[in-house]
Amino acid sequence: MTKINFRIFETKGLSIRNDLFHFLQKIYNLEKPGATRTITKSKKTFLNQNLLPSANFFSFTLFLPVLIFSIIFSSCRKNFDTSASQDLELTSLVLLFSSNRDNAIRSGFTQAGVIPLSFSISDSTDLIKLGEALFFDKILSGNKNISCATCHHPAGNTGDGLPLSIGTGGSGTASLRTIGSGNYIARNAQHIYNTGHPQMGDLFWDGRVSMNSSGHFLTPEAGLNGVSPSLSSITAVLTSALDAQALFPIVDSDEMMGGAGNDISDAGSTAASWSAVMARLVGTSNGTVGGIAAYRTLFQNAYPAVTNFDNFNIGHAGRAIAAYERSLTFVNTRFDRFLRGESGALSDAEKNGAMAFLMRGRCLQCHNGPLMSDFKFHAVANPQLGPGKEAGGDDRGLAHQTGNSADNYKFRTAPLRNVELTSPYTHAGAFSSLEDVIRHYGNPSQSLLNYNSSLLRSDFQSQVDSDAGRISARINALDSILLPSMQFNENEIAVMAAFLRSLTDPAAINVSIPSSVPSGLPVAD
């Protein structure tokens, strides 16, 4: 049992929200027998409390400086929301335990596993070169009219800047792309940044591609999965979930494969479609029939141990694409420099935002770990746009994969590094700015009910699901971690957005685009 004395000197003019004391209650089991709390107002007051740290929160020794600073920080915010009743009017706190703000921030984030990132590329230059060519080449798509880069374009910061991607049949680059004869993809295109980092967890919004610690895959293709996959010649080549992920847009009829009428879509099975892709790239009969000579050279350079072109399979292509994507890992952010001890790397507003993110926002409960994601699945009552994964324009997220209603409307926590560059946000791209998405998290239910679709590009406004029953179901599924609502004021929103922008590596903005690809197809969309 630890006894802590807080000495409070009262004057007039500023306020501390009651919820900071409620937060103290959440960290420590104040309701335990023998625990007392005394908060009184007088010229000179003491708050004496026997505190026992709760097992499910941060340790007392590491988190106390953060708590103390949050109280000081809150007392100095003239524009703080003072709607809570019985706020204590105070000007300053003199605390027997104190810590400077920078150390408090570092302690809080480090305790949540947010550490300075480092990354070194182990893939060969030849493998990355092959992957880049494949990433930008429309030869992988059924109708030769779309590439991986169409939805993950450097002009869109490795996304496309659209709420929902527009797959095969559309035209235009990144945010200028229009639907044409194509379809809206069910979900927002996730950005490529840092997807190759070793700490990256399950991939896709619903986590449908993953690799466990034993190297076994879980994917939409049963032949790749488990201890004894029937497509073992492919899995033997794959080294990560990212390698496997690269294989699936190629065989999605809305994304890249297209409808009936091309050799990839008409192949008859997923495995046969992948084989048809390889026949386009390296040919058959050891490269003597069909294929592209430049690709044979690239594959041979990337995989010198493979001496017969017939032994190349889609796994080699997926691994190369993933190698290129791993080269797009950007971890030199100002916040990483701050965590390493460079206090001047962040402005005062960004530091205030880090404190709000840590304390008021409770954001580290989900956005923790090295990439600032727990890689778990949470229902956060986001608006639904587009066709969804279910009939009628609904999308139940993880439940669509598991069939378990307890997983309704749960989607993977988005990693936050370089988040400034990855708008629009949420699984359906409902919010275009950091401020908007932070505002949503302040009160998700109210935000969903009052969602303003007029802020979307005109052709997406009609894609918003307004069905009252489904909206109610999304609210009812809301993760308890977001309750009660936090109701951020505009100052809090602004400083948290400022903090999130400190997570950008400037190098992430300058991803290059090849001038040509081996197939000779146009690189531009």
K.L.:
May I ask you to test the Ser447-Arg439 pair for a side-chain heavy-atom distance under 4.5 Å?
P.N.:
no
K.L.:
Considering all heavy atoms of both residues, which atom of Pro220 and which atom of Val209 are nearest to each other, and what is their separation?
P.N.:
CD-CG2, 3.9 Å
K.L.:
Taking the side chain as every heavy atom from C-beta outward, state whether Ser445 and Leu482 have any atom pair closer than 4.5 Å.
P.N.:
no
K.L.:
Taking the side chain from Ser373 and the backbone from Thr413, do they hold a donor-acceptor pair closer than 3.5 Å?
P.N.:
yes
K.L.:
Is there a side-chain contact between Leu339 and Pro116 in this structure, where contact means two heavy atoms from C-beta onward sitting under 4.5 Å apart?
P.N.:
yes
K.L.:
Does some side-chain heavy atom of Phe330 sit less than 4.5 Å from a side-chain heavy atom of Thr504?
P.N.:
no
K.L.:
Has Ser485 got a side-chain atom pairing as donor or acceptor with Gln487's backbone, closer than 3.5 angstrom?
P.N.:
no
K.L.:
So, do Leu224 and Leu247 sit near enough that their side-chain heavy atoms are less than 4.5 Å apart?
P.N.:
yes
K.L.:
Sequence neighbours left out, what passes side chain to side chain contact (heavy atoms under 4.5 Å, CB included) with Asp465? Give chain and number order.
P.N.:
Gln384, Asp467, Arg470, Arg474
K.L.:
Kindly determine whether Trp274 and Glu221 satisfy side chain to side chain contact (heavy atoms under 4.5 Å, CB included), including the steps that lead there.
P.N.:
CA-CA 12 Å; Trp274 285 332; Glu221 171 50 56; 4.0 Å; yes
K.L.:
Would you please name every residue forming a side chain to side chain contact (heavy atoms under 4.5 Å, CB included) with Ala498, sequence neighbours left out?
P.N.:
Glu350
K.L.:
Looking at OG of Ser273 and CD1 of Ile250, how far apart are the two atoms once the value is rounded to the nearest 0.5 Å?
P.N.:
10.0 Å
K.L.:
Mind checking what makes salt bridge (charged side-chain N to carboxylate O under 4.0 Å, His left out) contact with Arg177, not counting sequence neighbours?
P.N.:
none
K.L.:
If you compare all heavy atoms of Arg326 against all heavy atoms of Thr239, which two are closest, and at what distance to 0.1 Å?
P.N.:
NH2-OG1, 4.4 Å
K.L.:
Find out whether Leu346 and Ile105 are in side-chain contact, i.e. whether some heavy atom of one side chain is under 4.5 Å from a heavy atom of the other.
P.N.:
no
K.L.:
So that I can tick it off, tell me whether Asp407 and Arg396 are bridged by a salt bridge, with the cut-off set at under 4.0 angstrom between side-chain N and carboxylate O.
P.N.:
no
K.L.:
Looking at CD1 of Ile509 and CG of Asn418, how far apart are the two atoms once the value is rounded to the nearest 0.5 Å?
P.N.:
8.5 Å
K.L.:
Is a donor on one side and an acceptor on the other found under 3.5 Å between the side chain of Thr150 and the backbone of Ser147?
P.N.:
yes
K.L.:
For the residue pair His440 and Phe431, categorise the inter-ring angle as parallel (less than 30°), tilted (30 to 60°) or perpendicular (more than 60°).
P.N.:
tilted
K.L.:
Rounded to the nearest 0.5 Å, how far does OG of Ser141 lie from CG of Asp252?
P.N.:
12.5 Å
K.L.:
Evaluate side-chain hydrogen bond (donor to acceptor under 3.5 Å, both in side chains) for Thr195 paired with Glu325, printing each intermediate quantity in order.
P.N.:
CA-CA 7 Å; Thr195 52; Glu325 293 175 338; 4.6 Å; no
K.L.:
Give a yes or no answer on whether the side chain of Ser214 reaches the backbone of His216 with a donor-acceptor pair at less than 3.5 Å.
P.N.:
no
K.L.:
Nearest heavy-atom pair of Val437 and Thr426: which atoms, and what distance?
P.N.:
CG2-CG2, 4.3 Å
K.L.:
Tell me, with the steps shown, if Asn408 and Ser405 meet side-chain hydrogen bond (donor to acceptor under 3.5 Å, both in side chains).
P.N.:
CA-CA 5 Å; Asn408 277 351; Ser405 61; 5.2 Å; no
K.L.:
Kindly determine whether Asp202 and Leu218 satisfy side chain to side chain contact (heavy atoms under 4.5 Å, CB included), including the steps that lead there.
P.N.:
CA-CA 10 Å; Asp202 298 351; Leu218 178 63; over 6 Å; no
K.L.:
Grab the two heavy atoms, one from Asp336 and one from Ile115, that are nearest each other, plus how far apart they are.
P.N.:
OD1-O, 3.7 Å
K.L.:
Checking Gln461 side chain against Leu456 main chain: does a donor-acceptor pair fall under 3.5 Å?
P.N.:
yes
K.L.:
Can you tell me if Ser502 uses its side chain to pair, donor with acceptor, with the backbone of Phe499 under 3.5 Å?
P.N.:
yes
K.L.:
With sequence neighbours excluded, give me every side chain to side chain donor-acceptor pair (under 3.5 Å) pair touching residues 152-161.
P.N.:
Asp160-Ser165
K.L.:
Rounded to the nearest 0.5 Å, what's the gap from SG on Cys366 to CG on Asp479? Could you check?
P.N.:
6.5 Å
K.L.:
Are Glu255 and Ile185 side-chain neighbours, meaning at least one heavy-atom pair lies under 4.5 Å?
P.N.:
yes
K.L.:
Is there a side-chain contact between Phe357 and Met372 (heavy atoms, below 4.5 Å)?
P.N.:
yes
K.L.:
For a side chain to side chain contact (heavy atoms under 4.5 Å, CB included) check, start with the C-alpha distance between Arg412 and Gln190, then their side-chain angles and the critical distance, and finish with the verdict.
P.N.:
CA-CA 11 Å; Arg412 190 190 72 164; Gln190 293 189 297; 3.3 Å; yes
K.L.:
Short question: side chain of Arg360, backbone of Met486 - any donor-acceptor pair under 3.5 Å?
P.N.:
yes
K.L.:
Can you tell me which residue pairs pass the salt bridge (Lys or Arg N to Asp or Glu O under 4.0 Å) test with a partner in residues 181-192, sequence neighbours excluded?
P.N.:
Arg187-Asp206, Arg187-Asp395
K.L.:
Do the two ring centres, one from Phe460 and one from Tyr184, sit under 6.0 Å apart?
P.N.:
yes
K.L.:
Mark yes or no for whether His191, through its side chain, and Thr422, through its backbone, hold a donor-acceptor pair below 3.5 Å.
P.N.:
yes
K.L.:
Kindly compute the distance separating CD1 (Ile179) from OG (Ser171), expressed to the nearest 0.5 Å.
P.N.:
10.5 Å
K.L.:
Could you check, using the six-membered ring where one of them is a Trp, whether Phe217 and Phe248 have ring centers closer than 6.0 angstrom?
P.N.:
no
K.L.:
Locate the shortest heavy-atom distance separating Gly156 from Ala174; write the atom from each residue and the value.
P.N.:
N-CB, 4.1 Å
K.L.:
Sorted by first residue and then second, give each ring-ring contact (aromatic ring centres under 6.0 Å, His included) pair with at least one member in residues 383-429; sequence neighbours left out.
P.N.:
Phe411-His427
K.L.:
Using the rule given for side chain to side chain contact (heavy atoms under 4.5 Å, CB included), can you reason through Ile264 versus Met256, listing the C-alpha separation, both sets of side-chain angles and the distance that settles it, and then say yes or no?
P.N.:
CA-CA 10 Å; Ile264 296 176; Met256 294 182 71; over 6 Å; no
K.L.:
Between the side chain of Tyr451 and the main-chain N/O of Ala430, is any donor-acceptor distance below 3.5 Å?
P.N.:
yes
K.L.:
Looking only at non-hydrogen atoms, find the nearest pair between Gly167 and Ile146 and report the distance.
P.N.:
C-CD1, 3.4 Å
K.L.:
Counting only N and O atoms by type, is there a donor-acceptor contact under 3.5 Å from the side chain of Gln111 to the main-chain atoms of Gly108?
P.N.:
no
K.L.:
I need the Gln463 CD to Leu164 CG distance, nearest 0.5 Å.
P.N.:
7.0 Å
